[in-house]
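Here's the structure, in structure tokens; my notes come after.
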Amino acid sequence: MKEESIIRLSNRMDQLPPYLFGMINKMKMEKRRKGDDVIDLGMGNPMDPAPDAVIDKLISTAKDPKSHRYPESSGIKNLKLEISKYYNRHYNINLDSEKETYFTIGSKEGISHLCLALMGPSDSVLVPAPAFPVHIYAAVIAGANVVRIPISPDETFLNRIVTVCESFYPRPKVLMINYPHNPTGVVADRELFKEIIKLAKRFRFMVVNDFAYSKITFDGYEAPSFLETPGAKDIGVEFGSFSKSYNMAGWRIGYCVGNSEIIQALGKIKGYFDYGIFSAIQVAGIIALRDCDDTIPKLASLYQSRRDTLCDGLERLGWDIQRPKAGMFIWAKIPEPFNKMSSMDFAIEMMNRANVAVAPGTGFSEEGEGYLRLALVENEERLRQAVRQMKKALNEIENL
Ligand SMILES: Cc1ncc(COP(=O)(O)O)c(C=O)c1O
């Protein structure tokens with residue numbers, strides 16, 4: 001009889017499919033190692049630098065030996081005060097800086113650990129789909145039952161929540177939302193948040209809003225904070241990120257604001273896992289929140305120009321594209337005759353034939369099949385080049 005291997009993983013590992021972006025990334029790295037110039041529209045990983053003032057502050061603070069100790073895990077006092085001022089200035093919301101704010105090692109970490117604090121086996125969580133993978137899999141890792149609801153910009157989305165809540169026992173405990181939405185670009189207005197809060201109170205679920213793309217908005221659209229809507233703080237929290245608004249993706253700093261009991265639970269669980277964010281990054285974070293309001297519209301306008309360049313190019317190829325009002329992505333339906341391929345196969349073809357990395361829609365759950373997500377992280381010249389290379393590759397595929 002064959003002896004069982006010593007290396008045995010937990011059962012929960014069986015519930016995690018291979019991370020599709022990991023596969024695309026690996027292909028990209030292999031091609032780059034061979035000398036191919038891959039245009040990377042795969043991940044929403046900004047290539048532009050953080051504001052100078054923020055970098056300068058990081059450098060000077062990193063030289064202070066006091067910065068090298070374990071940090072204040074929930075966030076240093078002045079950073080917590082600064083996010084409260086930011087919310088007041090941008091959204092007219094008052095936050096108790098001590099009880100209603102918590103800094104996380106990026107919003108992804110915060111969301112993941114919050115899932116462990118809020119849910120476990122026998123709990124259900126509602127997740128609009130397609131979805132940023134952590135919205136589904138942090139709940140799966142926590143042992144919860146994930147109920148995916150197709151996202152739509154209209155009231156069918158709310159009706160679907162009602163149907164699920166009425167038909168589930170025990171009723172869903174958490175609704176995980178993400179407006180502006182990755183990958184689809186769907187945005188919320190205050191009316192939608194009002195309705196969601198009504199449903200949350202009626203069916204007694206908590207709401208977590210991932211607000212990572214809060215400031216990357218276009219054509220005059222401004223994304224409301226979930227917490228602006230009366231009653232939001234009674235039932236939910238909002239996560240924010242420095243990764244997109246300030247190009248600080250690698251720094252790993254984000255935050256959770258809102259309901260104090262939920263925030264307390266997040267702090268409790270994180271206390272067992274980590275010690276928070278490097279102090280020098282926290283101090284630099286104060287500069288971002290306090291002094292960099294004027295860099296945000298410039299960044300948004302950069303993404304808007306890239307959006308237009310890429311959409312113009314894809315439209316010239318005959319693709320039917322919805323221009324998003326926010327976010328860093330184009331969510332593009334794969335047109336005929338190429339839609340006979342799966343989105344993963346299509347992404348692989350684009351990598352191999354066009355040297356363009358894109359994210360397959362199924363990386364965001366089955367609901368994403370038939371779509372690609374293209375990140376606006378390369379400059380306009382490279383985006384135009386990507387379209388030219390895709391055009392050539394599509395011609396090759398058509399003539400096979
Ligand atoms: C919707 C969404 N939330 C969170 C994140 C991760 O943000 P952070 O870098 O703050 O962990 C991303 C990154 O792409 C995202 O798209």
Side-chain angles (χ1 to χ4, degrees), residues 19-22 24-25 40-48 50 54 75 79 83 86 101-115 127-139 148 151 175-188 207-217 223 225-226 237-257 266 270 273-274 276-278 281-282 284-285 288-289 296 299 303 324-331 357-359 361 363-365 367-368 371-377:
Y19 205 62
L20 284 194
F21 307 122
I24 296 283
N25 248 340
D40 188 3
L41 314 183
M43 265 177 85
N45 192 0
M47 291 192 194
D48 309 285
V54 176
L79 182 61
I83 192 65
Y86 175 97
T101 75
Y102 203 101
F103 279 81
T104 60
I105 310 168
S107 54
K108 188 175 178 182
E109 176 274 314
I111 293 166
S112 309
H113 283 139
L114 184 63
C115 285
V127 183
F132 180 57
V134 75
H135 296 159
I136 295 177
Y137 288 101
R148 301 199 306 265
I151 192 163
L175 168 67
M176 180 77 71
I177 50 176
N178 164 218
Y179 293 107
H181 186 248
N182 172 17
T184 64
V186 170
V187 294
V207 178
V208 176
N209 185 35
D210 178 349
F211 202 29
Y213 299 96
S214 55
K215 290 294 172 192
I216 313 293
T217 59
S225 158
F226 176 67
V237 289
E238 180 160 272
F239 279 91
S241 174
F242 287 57
S243 301
K244 321 291 171 171
S245 309
Y246 305 109
N247 290 327
M248 290 168 69
W251 297 48
R252 309 315 298 134
I253 173 165
Y255 56 83
C256 182
V257 289
L266 176 63
K270 274 174 63 63
F273 284 108
D274 64 68
I277 310 156
F278 178 34
I281 293 181
Q282 296 197 39
L289 292 173
I296 295 173
L299 192 64
Y303 282 115
K325 278 196 205 160
M328 279 171 50
F329 309 101
I330 304 302
W331 184 240
V358 296
F364 307 92
S365 82
E367 288 79 359
Y371 287 81
L372 296 179
R373 193 197 70 176
L374 302 101
L376 302 168
V377 289

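First listed ligand is number 1; within each ligand, the first listed atom is number 1. Counting begins at 1 with the first residue of the sequence.
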Separation of L41 CG from R373 CZ (nearest 0.5 Å): 10.5 Å
Nearest-0.5 Å distance, CE of residue M328 to OH of residue Y303: 4.0 Å
From D210 atom CG to S241 atom OG, the distance as rounded to the nearest 0.5 Å: 8.0 Å
Under-4.0 Å salt bridge between R252 and E109: no
Between F364 and F21, ring centroids under 6.0 Å: yes
Sorted by chain and number, the residues that approach ligand 1 to under 4.0 Å with a heavy atom: G106, S107, K108, F132, N178, N182, D210, A212, Y213, S241, S243, K244, R252
Y179 ring center near F226 ring center (under 6.0 Å): no
